[in-house]
Q: 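One structure, as structure tokens, below. Some questions next.
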Amino acid sequence: MPGFILLYTFFLFSWNSWNHFSCQINETLIKETADAMVSTGLAKLGYQYANIDDCWAEHDRDSQGYLVANGRAFPSGIKALADYVHNKGLKLGIYSDARYRTCSSEMPGSLGYEKKNAETFAAWGIDYLSMTTATMEI
């Protein structure tokens with residue numbers, strides 16, 4: 001209708017690794033969580049996303065400036081994990097920070113690398129990006 005703005009409200013039902021696991025995350029945990037979201041019926045109730053929070057990447061970028069998954073915690077890589085989650089009928093989300101380092105300081109943030117990060121997340125099949133500035137000074 002002319003003159004009216006239609007606003008859509010939606011709720012993103014998801015699981016996030018941070019509150020319970022903090023930096024103690026790995027590929028097995030995320031796979032088991034995706035499995036549980038399906039087997040317990042949460043997926044049928046609308047829970048669509050398994051979201052990996054902070055600490056999933058190596059401490060530093062590779063020589064070309066790209067993010068690299070922590071090889072000890074995610075030995076198959078994030079792309080393989082996204083494929084696993086997608087095969088369960090779910091979506092995979094991932095965390096980054098708008099600063100130079102993330103909140104934990106364990107991995108690089110996005111500042112100055114936004115395009116490279118977007119390319120990386122797209123290549124991996126990431127469906128959702130959680131971008132924070134939790135402690136950014138203004």
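Everything quoted here is computed from the prediction, not taken from an experiment.
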Q: What's the spacing between R99 CZ and L111 CG if we round to 0.5 Å?
A: 10.0 Å
Q: How close do A34 and L90 get, counting heavy atoms only, and between which atoms?
A: O-CD1, 3.6 Å
Q: Would C103 and T132 count as a side-chain contact (heavy atoms from CB on, under 4.5 Å) here? Give the steps.
A: CA-CA 9 Å; C103 290; T132 66; 4.2 Å; yes
Q: Among all residues two or more places apart in sequence or in another chain, which pass the salt bridge (Lys or Arg N to Asp or Glu O under 4.0 Å) test with K116?
A: none
Q: Are Y84 and F21 connected, step by step, through hydrophobic side chains (Ile, Leu, Val, Met, Phe, Trp, Tyr) whose heavy atoms are closer than 4.5 Å?
A: no
Q: Find out whether N51 and Y95 are in side-chain contact, i.e. whether some heavy atom of one side chain is under 4.5 Å from a heavy atom of the other.
A: no
Q: Not counting sequence neighbours, list each pair that qualifies as a salt bridge (Lys or Arg N to Asp or Glu O under 4.0 Å) and has a residue in residues 100-115.
A: K115-E119
Q: Are any of the side-chain heavy atoms of M131 and N117 separated by less than 4.5 Å?
A: no
Q: Enter the distance from F74:CZ to K31:NZ here, rounded to the nearest 0.5 Å.
A: 10.5 Å
Q: Do D97 and S110 make a side-chain contact, defined as non-hydrogen atoms from C-beta onward lying under 4.5 Å apart?
A: no
Q: Are side-chain heavy atoms of E32 and E27 found at a separation under 4.5 Å?
A: no
Q: Do I25 and D53 come close enough that some side-chain heavy atom pair is under 4.5 Å?
A: no
Q: Can you measure from OG (S17) to CD1 (I94) and round to the nearest 0.5 angstrom?
A: 9.5 Å
Q: With no hydrogens and no angle check, is any side-chain donor or acceptor of T33 less than 3.5 Å from a backbone partner on L29?
A: yes
Q: What residue among N26, N16, L81 forms side chain to side chain contact (heavy atoms under 4.5 Å, CB included) with I52?
A: L81
Q: Is there a side-chain contact (heavy atoms from CB on, under 4.5 Å) between W56 and I78? Walk through the geometry before answering.
A: CA-CA 9 Å; W56 59 265; I78 302 298; 4.3 Å; yes
Q: Mind listing the closest non-hydrogen atom pair of P108 and T102 along with its distance?
A: O-CG2, 3.6 Å
Q: Which residue pairs pass the disulfide bond (SG atoms under 2.5 Å apart) test with at least one member in residues 26-72, sequence neighbours excluded?
A: C23-C55
Q: Mind checking ring-ring contact (aromatic ring centres under 6.0 Å, His included) for F121 and listing every partner two or more places apart, or none if nothing turns up?
A: none
Q: Which side-chain N or O atoms in residues 123-130 pair as donor and acceptor under 3.5 Å with protein atoms at least two apart or in another chain?
A:
residue	atom	partner	partner atom	Å
D127	OD2	H86	NE2	2.5
D127	OD2	L92	N	2.9

Q: Rounded to the nearest 0.5 Å, what separation is found between the CG atom of D62 and the CG atom of L67?
A: 8.5 Å
Q: Can W18 be reached from Y49 by stepping across I, L, V, M, F, W or Y side chains whose heavy atoms are under 4.5 Å apart?
A: no
Q: Are W15 and I30 packed together at the side-chain level, in the sense that at least one heavy-atom pair is separated by less than 4.5 angstrom?
A: yes
Q: Any side-chain heavy-atom pair from Y47 and M37 closer than 4.5 angstrom?
A: yes
Q: Measure the shortest side-chain to side-chain distance between M107 and D54 over non-hydrogen atoms and say whether it is less than 4.5 angstrom.
A: yes
Q: Show me the pairs that pass salt bridge (Lys or Arg N to Asp or Glu O under 4.0 Å) and involve residues 35-46, at least two apart or across chains.
A: D35-K88
